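What follows is a set of notes on a single structure, which appears directly below.
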There are 2 protein chains.
Amino acid sequence: MRKRKGAGRPTIADVAAQAGVSSITVSRALRDPQKVSERLRAKIDKAVRALNYIPDTHASALASSRSNVVAVLVPSLTNNVFSDTLRAIYDALDASPLQVQLGNSRYSATEQERLIGIFLSQRPTAVIVSGIDQTPAARKMLEEANCPVVQIMETGPDPIDMMVGFSHYQGGRAAAQHLIDQGYRHIGFLGARMDPRTTRRLAGFRRALEDAGMFDPDLVKTTTTSSSVTLGGVLLRELARHRPDLDAVFCNNDDLALGALFGAQKAGISVPDQLGIAGFNDLEMMQAACPSLTSIRTDRYGIGRHAVNMIQAVLEGTPPPEKIIDLGFDLQMRQSSDRRHILASGPA
Amino acid sequence: MRKRKGAGRPTIADVAAQAGVSSITVSRALRDPQKVSERLRAKIDKAVRALNYIPDTHASALASSRSNVVAVLVPSLTNNVFSDTLRAIYDALDASPLQVQLGNSRYSATEQERLIGIFLSQRPTAVIVSGIDQTPAARKMLEEANCPVVQIMETGPDPIDMMVGFSHYQGGRAAAQHLIDQGYRHIGFLGARMDPRTTRRLAGFRRALEDAGMFDPDLVKTTTTSSSVTLGGVLLRELARHRPDLDAVFCNNDDLALGALFGAQKAGISVPDQLGIAGFNDLEMMQAACPSLTSIRTDRYGIGRHAVNMIQAVLEGTPPPEKIIDLGFDLQMRQSSDRRHILASGPA
DNA sequence: TTGTAGGCGTTATCAG
DNA sequence: CTGATAACGCCTACAA
């Protein structure tokens with residue numbers, strides 16, 4: 001008489017009975033076949049197939065206090081920037097027994113905090129979290145989580161544990177400097193969402209223009225709504241109408257840059273002669289566009305790969321020498337901001 | 001003397017001791033606060049905070065044989081098509097205690113089968129799986145999983161359990177018919193990846209052209225490599241070079257369509273007059289492009305929302321009346337295939 | 001409303 | 001190499 005019913009599925013005990021061995025032998029045969037004689041192993045495999053046995057992750061995790069879960073938190077599922085990093089994480093974890101538990105924090109620090117709480121209750125093997133702007137409570141939870149933690153996408157001082165990314169401030173600064181170098185003089189900024197990383201890109205942009213004595217707050221056009229190609233066109237049109245002297249824009253990201261290009265084309269503004277455009281991230285489409293679009297190339301796949309590498313190194317007892325990895329970025333100059341032909345022939 | 005060490009974290013028993021109650025009372029206070037008196041609840045809450053207690057998901061799942069996990073399998077993390085659906089799933093599950101376990105099958109049926117096996121070992125509450133082309137073994141596992149299963153993105157006969165999507169065959173056919181109706185006569189097909197859904201779009205395309213007596217296998221240009229904007233340009237250039245009479249292309253997806261547009265622009269081919277272009281899915285950028293791009297609009301967000309609704313309905317004991325939901329599609333005609341000005345003024 | 005007893009399926013520990 | 005036993009942390013069932 002059972003006092004309680006489980007899920008009704010076959011358990012290790014059922015397999016053991018069928019194979020005529022003890023359950024611990026089945027457990028071993030499944031986890032580490034070499035530890036079991038070939039004869040028993042064959043019997044066990046047969047029983048497993050006959051019963052269609054599937055091990056219970058939860059029982060295993062409870063008994064071993066190991067979960068094989070790597071918690072991953074990103075702020076968006078639709079932003080291509082994160083999908084490249086996610087793909088790298090899935091690729092890197094593919095060969096290992098580790099599973100990804102993915103959370104979408106929607107660009108909200110409090111939502112991220114909530115998800116961290118939920119995810120930690122799964123006793124994850126490691127945590128990968130986007131950004132460096134965790135709430136104090138979230139930070140505390142992660143510090144006490146007693147597992148490797150990697151903050152990704154960005155670098156900064158004072159990591160919770162480990163970190164891999166690059167400086168968005170420097171990225172924004174480099175983009176602005178490039179436009180200055182190309183001879184543009186009334187350079188605008190188009191920004192959407194305005195999350196912490198976007199804000200730091202704007203800070204870098206501002207710094208470069210200030211150093212050149214040409215920062216004009218009136219040329220900064222931002223919105224907190226989410227980014228899109230359409231929005232890029234809208235922001236450009238509004239800014240260009242308000243400030244006809246605008247001659248270049250640095251866009252927060254590549255979607256906006258593509259939208260700005262389309263917007264310019266619709267308005268009959270020639271790129272790069274009348275308007276220079278630079279984006280951020282260098283999505284694949286940037287080089288295919290007509291004209292091709294300048295962007296700051298970031299190694300998003302590398303970020304995911306390094307994050308997993310760092311975690312695996314720690315788990316293997318050989319923690320990486322550096323707690324912080326800065327993968328940097330590269331400015332990819334393309335047609336949309338290339339005025340070398342003009343610069344070469346002297347001022348107009 | 002402990003015979004075995006757990007993770008070392010505080011357990012419900014620790015909280016109970018600290019609060020001076022029994023552990024079951026703590027358990028209840030956490031799950032269903034109304035069942036515990038306010039006085040004890042306050043004590044317990046205090047103890048939880050003091051100890052920084054985090055419940056153990058695995059112990060809970062084992063004891064209750066409920067896991068709160070919804071397994072979701074998609075073929076790609078970088079394809080925007082799936083990110084919209086995923087976002088819907090995360091949004092819909094947000095209010096519930098259910099967690100998403102996401103798997104990336106990389107457009108491989110055998111990889112999907114492998115992941116299904118892994119995921120079922122978590123005893124998921126429900127499974128959402130992309131496509132209708134599961135391997136026989138995968139299908140069998142899902143049929144025996146004893147939980148709601150929803151196949152998404154596509155409709156077809158013989159669902160494993162439930163289904164929500166639309167007909168890619170009809171979508172391809174509608175796109176081709178539209179191009180025919182606009183007066184194009186040498187209509188090509190650009191396809192990447194050639195996964196089952198792409199193949200069915202091509203079948204629909206072919207059918208429409210055959211019905212019109214104008215199908216030409218020589219105008220079908222496909223590759224099994226993954227899709228990209230750049231690839232769209234490459235495929236268009238190759239096809240146009242080989243067949244100068246080409247006057248329209250239906251692209252497998254919107255990335256290819258955008259790439260085809262850029263490719264045409266680079267080659268000095270005017271769209272839509274010399275070349276009509278239609279894509280598939282109607283990503284946001286299509287309406288923003290210059291010229292704007294025709295596409296088959298699909299309700300990807302709706303697919304995710306319906307999938308979760310169906311699951312929740314079953315869990316609540318009120319299974320949906322229809323096992324199969326066809327969300328259909330809409331042709332969005334835009335500038336890239338709009339020849340009404342030509343049709344109106346008669347044949348050239 | 002609160003508590004007692006015991007099991008969920010697996011694995012760590014210790015013997016043989 | 002194999003097995004008996006007792007946890008892992010929580011929850012169901014039943015009782016008070």
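Letters A, B, ... are given to chains in the order of the sequence lines, protein chains preceding strands, and every chain is numbered from 1. Predicted model only: the values in this text are computed from it and were never measured.
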Can you measure [X] atom [atom1] to [N] atom [atom2] for me and round it to whole angstrom units?
X	N	atom1	atom2	answer
Asp32(A)	dT10(C)	CG	C1'	16 Å
Arg123(A)	dC8(D)	CZ	C1'	11 Å
Leu62(A)	dT10(C)	CG	P	11 Å

| Any side-chain heavy-atom pair from Ile118(A) and Gln101(A) closer than 4.5 angstrom? |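 Answer no - side chains too far apart.
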To the nearest 0.5 Å, tell me how far [X] [atom1] sits from [Y] [atom2].
X	Y	atom1	atom2	result
Leu73(B)	Ile152(B)	CG	CD1	9.0 Å
Arg123(A)	Arg9(B)	CZ	CZ	4.0 Å
Ile303(B)	Phe166(B)	CD1	CZ	5.5 Å

Without placing hydrogens or testing angles, list every side-chain donor-acceptor pair under 3.5 Å for residues 47-56 of chain B, not counting sequence neighbours.
{"residue": "Asn52(B)", "atom": "ND2", "partner": "Glu144(A)", "partner atom": "OE1", "Å": "2.9"}
{"residue": "Asp56(B)", "atom": "OD1", "partner": "His58(B)", "partner atom": "N", "Å": "2.7"}
{"residue": "Asp56(B)", "atom": "OD1", "partner": "Ala59(B)", "partner atom": "N", "Å": "2.9"}

| Is there a side-chain polar atom (N or O) of Thr11(A) under 4.0 Å from OP1 or OP2 of dC8(C)? |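 No, Thr11(A) has no side-chain N/O under 4.0 Å of OP1/OP2 on dC8(C).
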| message | Quick check on contacts: within residues 12-31 of chain A, what sits under 4.0 Å from DNA chain C by heavy-atom distance? | response |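 Result for residues 12-31 of chain A: Ile12(A), Ile24(A), Ser27(A), Arg31(A), sorted by number.
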| task | May I ask you to decide whether Glu143(A) forms a salt bridge with Lys140(A), counting only side-chain N to carboxylate O separations under 4.0 Å? | result |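 No, this pair does not count.
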| message | Looking at Arg139(B) and Asp158(B), is any side-chain nitrogen of the basic one under 4.0 Å from a carboxylate oxygen of the acidic one? | response |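 Looking at Asp158(B) and Arg139(B), the cut-off is met.
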| query | Heavy-atom contacts under 4.0 Å between residues 51-59 of chain B and DNA chain D, which residues? | reply |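 Within residues 51-59 of chain B, the residues near DNA chain D are Tyr53(B), Pro55(B), Asp56(B), Ala59(B).
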| query | With a non-hydrogen cut-off below 4.0 angstrom, is Glu38(B) in contact with a base, only sugar-phosphate, or nothing? | reply |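 Result for Glu38(B) = nothing.
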| request: For Glu113(B) and Thr135(B), work out which heavy atoms get closest and say how close. | output: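 Between these two residues, the closest heavy atoms are OE1-OG1, 2.6 Å.
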